[in-house]
Amino acid sequence: MILMIDDEPWETESYVDDLKLSGWDVIFKSNVDDGLLFLRENLDQIKLLILDIMMPPGKTLSDVDTQYGLRTGVHLFRQIRMLTPDLPIWFLTNVSDEQVAEQFRQEKNCRFLHKEDFLPVELSEEITRFLSPRQPQNG
Amino acid sequence: MVRHYRIDQGPQEDIKEFDMLFADLDDLVKAIVEQYPPDQQPRLVLEANRSAQRHLKTHLAEARRRGDSDYHRKLTAIKPIVRELNRRRRWYTCLFPSSPDDLAATLRWFAENGGSEELLLLDHIDPHTVAADRLIWRLVETATLRGQQRVHSSSPVEIAQAQELAQPWAVDSSPVTFFVFDPLHQGLNRFPFLLPAIIACCETTLGRLMSSVEDDSRRKLIEIRRAAKRWLSKAERLVRRQELRSPSSLEGYEASLWWMAEKGDADDLDLLRHLKVHPAYHSPAIQRLFEMDDVHIHGRVYSSQAVLDREEAAYQQHRQEWDQIYKGEHIAIHRGEVIDHDPDKFRLIERLDQKQWEGGRFRAYIVQIGRPVYVARGPVRGRRPTRTGG
């Protein structure tokens, strides 16, 4: 199962659709609170977490300085890493700050992808290559 | 109907057709402007954009599934188009958000990726929304600051290009142009609603024109950009002045007063002083805005430094010609023209004072031809001297 947390359903819709068409079981959560709750309850089933960075902080991160939501994903990542240090986490974001990108490129089990560089078909190709070197389940 | 346009049809086979997508979108926006009431236009423009994006993505996904040999070529061709469509969608959302969350998400995107165009749009966000929501206000502030940093940290060439392209207005007689250039007669109330349509429509029109002349003449391209910029500025000034004369709302009135503080000129100052006596809305805040406009415009138009900068530029532009015509004389430059000249500076100043008593205050720039001594002659102050006799 792939979990995607992003606050813009319209932008993410085509990524989810394409992943589903490629045979992946995708769960989409549009806010931090729901996303974290789902992750906690289904941790053993989730193979990959796709995370946005610019999102409303929700209740979970209401006490953290997320820079008005510009860096919510960064703080969420730290919380999730305490839960599960080995879960692959891919950032799919519009953040173009090279410092942020570099920070996550050096993290273990982590990738940083810019939305503009990856159209839905490309992302599902990348994920298929990463999760299943053979054929995807229904594809 | 909108749904009959090619954008909404199934996948296209030929990737050349993607180049036509913006032209299609342009036509579609024009059709929306012509056929639909203003309150429906933003939603329809947004839907057209979404439809275009879906169409491209579906086409690409199918090409991959079919195993098209030129799939990767299509991918490369489509990516920048989707990127541009996505950006435009952000523009529309910024102006016509469906919810505060929607606007916040867009402002976060602006903060992270916005350039000159986004900075321009930030000025058009509904001021009530900004004032009412602290998060939105913070995000507007952050997006403005970061956008400015990004734009100004670019190379001078990039900045110049961005500034030119930040004002993508039409140079032909499209229906949208009518609303921009003739706001006094009709369309004024529709102007804010049409903004996204204007941007989408004019950018493609201007863009097409630019590409068509780019190969032929670089100089002509620059001229077109300059003309477009001038027209935009003129149109905006007309709209603001009209809004102050016959306001459509308190918000529009206030926004125009703010705009005047930033961009108003000497003519606007006259209008503002006239309107200040009988403002359309009465409140201490409105009076403060009038006073702020007066101070800002006065500083910009009449301050010694402003006059020096502006008129010196005019002098440098005509230097060769003026140095020959007025050799050995003092010349007074005002609004880029020589308004008077005399070999005797004091006689010239006396005449300038006289002109001010007769026709209103101004500040002229005095240059002695052949000598690098410049004086800015200030507006006259105090009471007019009492004349006796005659």
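Within every chain, numbering begins at 1; the chains are lettered A, B, ... in the order of the sequence lines, protein sequences first and strands thereafter. Side chains are part of it too, since the values below use all heavy atoms of this structure and drop only hydrogens, waters and symmetry mates.
- Closest non-hydrogen pair, B:Trp109 versus A:Met54, comes out as CA-CE, 4.0 Å.
- Both the backbone and the side chain of A:Glu125 come within contact range of chain B, each with at least one heavy atom under 4.5 Å from a heavy atom of that chain.
- When the shell of 6.0 Å around CG of A:Asp44 is examined, it contains more than 12 heavy atoms from other residues, nucleotides or ligands.
- Within 6.0 Å of atom CD in A:Gln99, 12 or fewer heavy atoms from other residues, nucleotides or ligands are found, so the atom counts as exposed in its surroundings.
- A 4.5 Å side-chain heavy-atom check between A:Glu8 and B:Thr93 finds every atom pair outside the cut-off.
- Between chain A and the options B:Asp101, B:Leu107, B:Asp102, B:Leu135, the largest number of non-hydrogen pairs under 4.5 Å is found for B:Leu135.
- Listed for the B:Arg108 side chain is no donor-acceptor partner under 3.5 Å among the backbone atoms of A:Val95.
- Heavy atoms closer than 4.5 Å to chain B are found nowhere in A:Asp17, neither backbone nor side chain.
- With a 4.5 Å cut-off on non-hydrogen atoms, A:Pro56 touches chain B through its backbone and its side chain both.
- For A:Asn94, the parts sitting under 4.5 Å from any heavy atom of chain B are the backbone and the side chain alike.
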Q: Could you walk me through whether B:Asn86 and A:Glu11 pass side chain to side chain donor-acceptor pair (under 3.5 Å), step by step?
A: CA-CA 9 Å; B:Asn86 196 36; A:Glu11 197 174 33; 3.3 Å; yes
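- Two residues are said to be in side-chain contact when any heavy atoms from C-beta on lie closer than 4.5 Å; B:Asn113 and A:His114 meet this criterion.
- Only the side chain of B:Arg90 comes within contact range of chain A, with heavy atoms under 4.5 Å apart.
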